Student: 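The structure's right below; bear with me while I get my questions together.
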Amino acid sequence: MASPLPPSNDPSISRLVWARSPHPSREYDKLIVSPETMKGYIDSGLSAKVGEYLGLIHGNIWPSNNIEGTAGLLDPVAIFKDIKRPMRSFNSNEDVYIFVTNPGINYTYPIEDKFSGEGPSRGEVPQNSVFLVYVEYNQEIIEKACLESGYSITEEVDGVIHSWDWTFAADDNPSLPASHNTRFSSKVW
Amino acid sequence: MKSILEEFGLSYKGDQKAKAFVPKARYYSGMDFLLYLNEDCSYRADRVDSSLTLLWHPSKDKLVGLKLKGFLAIFKALSEILESESAQSIPVVKMLRFLEYSLEKCVADGALERFELERLRERYEKAIEFSESEHVTAEPVLV
């Protein structure tokens, strides 16, 4: 639900994050990360993907070790709508919004601390790239994600974070992804 | 503070640590894509078209993986063609060749310019070469 003040993410709850809302009726949205995605990345041993989520999407996960965080999805450069491709048996994907950030830093998990409670550490920043986060605003999908992650207050969650990637930047505007004019339906923020 | 493993119900018992990285294609239903990486790194995604994304090393000119998007539809279409193999894992090379062939049809239908086809084919060939050398296969998904 919308919040009148800039919210901050709870360091003890990594699965929930606040984001700038793409909807004009409210300022901020509360998002939940897809448990299927996160379990998949953890189960596959993808330290980089988990580090990116914690450092660049949540941004406030560190217990006490003074590692600089990020504003995550509260400070996007742009938000686009609709990925213009088939998704799940050709259903519409107009509920999908793409958050673009330019964090300038990156995170990973060192192998020796892999997925421990110590939080991520700084990682190599991909060259000539921007960071994209794919969020779906769909009640059925929200309820499924909340159920699977054991979060019972479904009505407090506005969207589900499905995926995230560093992506090549546009030659003519390095703060936005390449082909941004053709790969999405519209820029909403 | 709970570890990430605990929060996502993936705590391991005793001294067992989180699983080590193993290159393997995995389907993610949320965004309906198949992801394959041969390296655990923050790759740079390079969108080829609505079906294929090449994944490059963060700082080297080196392909480290690929994404097949709209995977359910691709898998279903190919399973129907390869009836006898529908219950088995399918080599990703076959999927890429199927998609590449579909591009030809787009040109015939006037939906794609010839010069654009050549550009796309070059990149599909890169993905095919990579998938062949990595022996990437896709497990069956519910369609």
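Predicted model, so just to flag it, every value in this text is computed and none were measured. Chain letters run A, B, ... following the sequence lines, proteins first, then strands; residues in each count from 1.
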Student: What distance do B:Arg26 atom CZ and A:Glu36 atom CD have between them, rounded to the nearest 0.5 Å?
Tutor: 7.5 Å

Student: Looking only at heavy atoms, which two atoms of B:Phe33 and A:Ser163 are closest? And how far apart?
Tutor: CE2-OG, 3.6 Å

Student: Run through B:Lys69, B:Lys67, B:Arg47 and flag the one making a salt bridge (Lys or Arg N to Asp or Glu O under 4.0 Å) with A:Asp165.
Tutor: B:Lys67

Student: Is chain A contacted by the side chain of B:Ser29, its backbone, both, or neither, given a heavy-atom distance below 4.5 Å?
Tutor: both

Student: Do the side chains of A:Ile83 and B:Met31 get nearer than 4.5 Å, heavy atoms only?
Tutor: yes

Student: Between A:Ile141 and chain B, with a heavy-atom cut-off of 4.5 Å, which part of the residue counts as in contact: side chain, backbone, both or neither?
Tutor: neither

Student: Search all heavy atoms of A:Tyr41 against all heavy atoms of B:Leu35 and return the closest pair with its distance.
Tutor: CE2-CD2, 3.9 Å

Student: Contact between B:Trp56 and A:Pro126 at the side-chain level, heavy atoms closer than 4.5 Å - yes or no?
Tutor: no

Student: Side chain from CB out, backbone as N, CA, C, O: work out which of these in A:Phe168 comes under 4.5 Å of a heavy atom of chain B, or both, or neither.
Tutor: both

Student: Under 4.5 Å heavy-atom distance to chain A, tell me which part of B:Phe71 shows up: side chain, backbone, both or neither.
Tutor: neither

Student: Looking only at atom types and distance, does a side-chain atom of B:Asp40 sit under 3.5 Å from a main-chain N or O of A:Ala48, one as donor and one as acceptor?
Tutor: yes

Student: Is A:Lys39 close to chain B through its backbone or its side chain, or both, or neither, when contacts mean heavy atoms under 4.5 Å?
Tutor: both

Student: Would you name the heavy atoms of A:Ser44 and B:Tyr28 that are closest together and state the gap between them?
Tutor: OG-OH, 3.9 Å

Student: Please classify the contact of A:Val160 with chain B as side chain, backbone, both or neither, using a heavy-atom distance under 4.5 Å.
Tutor: neither

Student: Ion pair present between A:Arg85 and B:Asp49, side-chain N to carboxylate O less than 4.0 angstrom?
Tutor: no

Student: With a 4.5 angstrom heavy-atom cut-off, could you sort out which part of B:Leu55 is near chain A: side chain, backbone, both or neither?
Tutor: neither

Student: With rounding to the nearest 0.5 angstrom, report the CG to OG distance, B:Asp46 to A:Ser179.
Tutor: 8.5 Å

Student: Calculate, to the nearest 0.5 Å, the distance between atoms CG and OG belonging to A:Leu56 and B:Ser42 respectively.
Tutor: 7.5 Å

Student: Flag yes if more than 12 heavy atoms outside B:Lys24 fall under 6.0 Å of its NZ atom; otherwise flag no.
Tutor: no

Student: Quick check for you: among A:Ala145, A:Gly123, A:Gly51, A:Gly40, which has the greatest number of heavy-atom pairs under 4.5 Å with chain B?
Tutor: A:Gly40

Student: For the candidates A:Glu124, A:Lys144, A:Lys49, A:Glu148, which exhibits the highest count of non-hydrogen atom pairs separated by less than 4.5 Å from chain B?
Tutor: A:Glu124

